[in-house]
Amino acid sequence: MEKVKQIYEGKAKKVYSTEDPNLCIVSYKDDATAFNGLKKGTIAGKGVVNNRMTNMMMQLLEQRGVPTHFVEELSERETLVKRVSIVPLEVIVRNVSAGSFAKRYGVEEGIVFDEPTIEFSYKNDELGDPLLNTYHALALKLATKEEIELIKSYAFKVNEVLKEYFLALGVRLVDFKLEFGKTADGQIVLADEISPDTCRFWDAKTGEKLDKDRFRRDLGGVEDAYREIFKRVTQAH
Ligand code: TMP
């Protein structure tokens, strides 16, 4: 399958149409942003890590009953996916306090929750992805009640599968962000990516951060962190 025309460029990926109206090609860049694009940089090799890691996670999740947009990995940075319209909700699941949760509620990072939490943001860069609840999402007609229920159940299923998977690699899955899409025939599928850009990974022994927080917080060792988490994932494969 060949790229026909660029139809979208995001902060970390480009999307191309193909000859098949139901399929797209996603191409992962090394560009990194944080704080809604305010901080910009590049992370050498990130596109390769995020593409290949996302595809491994999507295949694992498919096996475990979560439908995804994944079709076929085409190259180091490019993947064939089902064409979807993205549901404009960022779905965030947390197992441990960190990031905006710790800040918003004035608690330290690293508190382990008895139960995972879920929250939604309205995917809208101009508004800075404001937090919303499911009533707000319904009022804004971002999705139907049934779709939101399905998205919630898929998100918790993703958490169960990935939490266990990463623990076996000596990694704590602290939190992550998912996006879902709707195919031409109305099916809700997991889309976007599952990578160190969109998850927090802490080494289970040392607590070392193996994700994009190294870039967001200027901790150094950004490329090494991406390489390390990728190494663990590929060795497990
Ligand atoms: P937060 O603590 O900043 O809300 O982030 C929660 C999780 O979501 C974290 O794993 C990073 C991920 N995330 C994204 O993938 N995109 C974003 O724009 C933001 C803010 C967070």
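Just so you know, ligand 1 is whichever comes first in the structure, and atom 1 is the first atom listed for that ligand. Every value quoted in this text rests on a predicted model; they were computed, and no experiment measured them.
When only non-hydrogen protein atoms are considered, atom 17 (C) of ligand 1 lies nearest to E90 OE1, 4.3 Å. What sits closest to atom 14 (C) of ligand 1 on the protein, heavy atoms only, is K177 CE, 3.6 Å. The single protein non-hydrogen atom nearest to atom 6 (C) of ligand 1 is R200 NH1, 3.6 Å, given as residue, atom name and distance. Scanning the protein for heavy atoms near atom 7 (C) of ligand 1, the closest one is D175 OD1, 3.6 Å. From the protein, the heavy atom lying nearest to atom 4 (O) of ligand 1 is S100 OG, 2.5 Å. With hydrogens left out, the protein atom closest to atom 21 (C) of ligand 1 is R216 NH2, 4.4 Å, a heavy atom.
If you number the atoms of ligand 1 from 1 as listed, the ones under 4.0 Å from a heavy atom of C199 come out as 10 (O). Here is the list of ligand 1 atoms found below 4.0 Å of a heavy atom in D197: 15 (O). Ligand 1 places these atoms under 4.0 Å from at least one heavy atom of F176: 10 (O). Those atoms of ligand 1 with a heavy atom of G99 less than 4.0 angstrom away are 2 (O). Atoms of ligand 1 lying under 4.0 Å from at least one heavy atom of T198, given by number and element, are 10 (O), 12 (C), 15 (O).
A donor-acceptor pair is defined here as one N or O able to donate and one able to accept, closer than 3.5 Å; no such pair exists between the side chain of D213 and the backbone of R216.
At a cut-off of 3.5 Å, with distance as the only test, no side-chain donor of T18 or D20 sits close to an acceptor on the other residue.
Ligand 1 has no N or O atom lying under 3.5 Å from any N or O atom of E119, backbone or side chain. The shortest N/O to N/O separation between D129 and ligand 1 does not fall below 3.5 Å.
Tested against L190, the residues K157, M58, H69 include a single side-chain contact (heavy atoms from CB on, under 4.5 Å) partner, M58.
Between D192 and K13, at least one side-chain nitrogen of the basic residue sits less than 4.0 Å from a carboxylate oxygen of the acidic one, meeting the salt-bridge criterion. Using a 4.0 Å cut-off between charged nitrogen and carboxylate oxygen, K39 and D218 count as a salt-bridge pair. Ion pairing of K145 with E149 is absent here, as no side-chain N (NZ or NE/NH1/NH2) approaches a carboxylate O to less than 4.0 Å. Look at E62 and K82 and you find no salt bridge, because none of the NZ, NE, NH1 or NH2 atoms lies under 4.0 Å from a carboxylate O.
Assignment of K212 to the shell around ligand 1 is not supported, since no heavy atom sits closer than 4.0 Å. Residue contact check for ligand 1: D211 places no non-hydrogen atom closer than 4.0 Å to it. Heavy-atom separations between E109 and ligand 1 are all 4.0 Å or longer.
Counting only heavy atoms, the protein never gets under 4.0 Å from atom 19 (C) of ligand 1. Distance remark: protein heavy atom present below 4.0 angstrom from atom 9 (C) of ligand 1.
Linking Ile, Leu, Val, Met, Phe, Trp and Tyr residues whenever their side-chain heavy atoms come within less than 4.5 Å leaves I7 and V87 in two separate clusters.
The aromatic rings of F101 and F113 lie tilted to each other, with the angle between the two planes from 30° to 60°.
A heavy-atom distance below 4.5 Å is not found between the side chains of R200 and N95. You'll find the side chain of K3 stays beyond 4.5 Å of the side chain of K14, heavy atoms only.
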